[in-house]
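Worksheet: the structure to be examined is printed underneath.
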Amino acid sequence: MTTLTAQFDVPIGADSPGTCRRAVLAVLAVWGYQHDDWVADASVVVSELVTNAVQHGAGSVQISLEAYGPHVIFSVADGSSVVPRRREPDGRGGRGLVLVEALTRRWHVEEHEGGKRVRAEMRLYPDADGPPAPPGSAREDPLEV
């Protein structure tokens, strides 16, 4: 099974979560991940992870995507070594990690280049084999043409 990967730096600013969400969704669509409910959940997860990194992290923010069949993992890295934690929601936030927990199979934090990286594995894509391969892609089995 082929692993697809993408990685990009996130420009820091108030529009970072939205910009990143649109970029990630475009990559997922090109890769064939287009199931409406699953994509909506992925959109929320990416937005929350990037929002946390921009608001509470330090330095630059980087997002990575890994996909293989029905498995998709989002990683968001920043320069702060402070580990995110769930907190009681209030007027300023506190719902992000609760949403990430609810919409993913699992998530964890790891040390990354002096800062941290939050990795979230999405729930399995609804099609057990993953999305169909786009015509002419390297993901097709050359013997089944």
Side-chain angles (χ1 to χ4, degrees), residues 1-113 115-141:
M1 181 178 305
T2 301
T3 299
L4 301 169
T5 62
Q7 178 176 308
F8 49 93
D9 296 325
V10 178
I12 304 300
D15 58 346
S16 297
T19 299
C20 195
R21 180 179 59 249
R22 287 186 294 279
V24 166
L25 294 181
V27 169
L28 290 172
V30 168
W31 289 349
Y33 293 87
Q34 298 180 12
H35 185 277
D36 289 341
D37 292 337
W38 187 91
V39 168
D41 290 351
S43 175
V44 171
V45 170
V46 168
S47 293
E48 294 302 332
L49 294 177
V50 172
T51 296
N52 283 349
V54 169
Q55 289 181 349
H56 306 292
S60 64
V61 175
Q62 183 181 76
I63 187 163
S64 302
L65 293 75
E66 303 167 43
Y68 47 100
H71 303 275
V72 176
I73 299 170
F74 301 123
S75 301
V76 177
D78 66 61
S80 171
S81 60
V82 176
V83 175
R85 59 179 175 76
R86 286 181 56 190
R87 61 183 176 93
E88 287 300 313
D90 60 23
R92 298 181 319 165
R95 293 168 190 83
L97 291 179
V98 173
L99 287 170
V100 169
E101 238 172 52
L103 298 174
T104 61
R105 292 179 74 190
R106 60 183 159 252
W107 68 277
H108 70 276
V109 182
E110 57 192 26
E111 186 180 332
H112 179 72
E113 298 178 3
K116 68 176 169 302
R117 176 169 50 199
V118 179
R119 292 177 52 84
E121 182 180 344
M122 288 298 298
R123 291 184 181 156
L124 294 179
Y125 190 74
D127 179 347
D129 296 325
S137 76
R139 293 173 53 204
E140 288 183 321
D141 184 342

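Note that the numbering runs from 1 along the sequence shown for the chain.
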Keeping the roles fixed (side chain from S43, backbone from V39), state whether a donor-acceptor pair exists under 3.5 Å. no

Please tell me if the side chains of N52 and V118 come closer than 4.5 Å, counting only heavy atoms from C-beta onward. no

Would you indicate whether the side-chain heavy atoms of F74 and L65 approach each other to under 4.5 Å? yes

Just checking D15: does its CG atom have more than 12 heavy atoms from other residues, nucleotides or ligands closer to it than 6.0 angstrom? yes

Test item: side-chain donor near acceptor, S75 and R117, under 3.5 Å: no

CZ of R21 to OG1 of T51, rounded to nearest 0.5 Å, is 8.0 Å

Taking all non-hydrogen atoms of both residues, which atom of F8 and which atom of C20 are closest, and how far apart? CE1-SG, 3.9 Å

Hey, could you give me the NE2/CG distance between H35 and L28, rounded to the nearest 0.5 Å? 14.0 Å

Take S60 and D9 through the side chain to side chain contact (heavy atoms under 4.5 Å, CB included) test and state the conclusion after the steps. CA-CA 7 Å; S60 64; D9 296 325; 5.6 Å; no

Taking the side chain as every heavy atom from C-beta outward, state whether E48 and L97 have any pair of such atoms under 4.5 Å apart. no

Would you say the side chain of E121 lies within less than 4.5 Å of the side chain of T104, judging by non-hydrogen atoms? no

Do the non-hydrogen side-chain atoms of M122 and D41 ever get within less than 4.5 Å of each other? yes

So, does R119 use its side chain to make a donor-acceptor pair with the main chain of R106 at under 3.5 Å? no

Got W38 and V72 here, is their nearest side-chain heavy-atom distance under 4.5 Å? yes

Minimum heavy-atom separation for V100 and A120, please, with both atom names. CG1-CB, 4.4 Å

Just wondering, do V61 and V76 contact through their side chains at under 4.5 Å, heavy atoms? yes

Point-to-point distance, once rounded to the nearest 0.5 Å, from CG of L103 to CZ of R123: 6.0 Å

Under 3.5 Å, side chain of T19 to main-chain N/O of S16, donor-acceptor pair present? no

Looking only at atom types and distance, does a side-chain atom of S64 sit under 3.5 Å from a main-chain N or O of Q7, one as donor and one as acceptor? no

Is there a side-chain contact between Y125 and P131, using heavy atoms and a 4.5 Å cut-off? yes

Measure across H112 and A77 and return the closest heavy-atom pair with its distance rounded to 0.1 Å. CD2-CB, 3.5 Å

Can a donor-acceptor pair be found, under 3.5 Å and without considering hydrogens, that links the side chain of Y33 to the backbone of L25? no

Any donor-acceptor N/O pair, E66 side chain to T5 backbone, under 3.5 Å: no

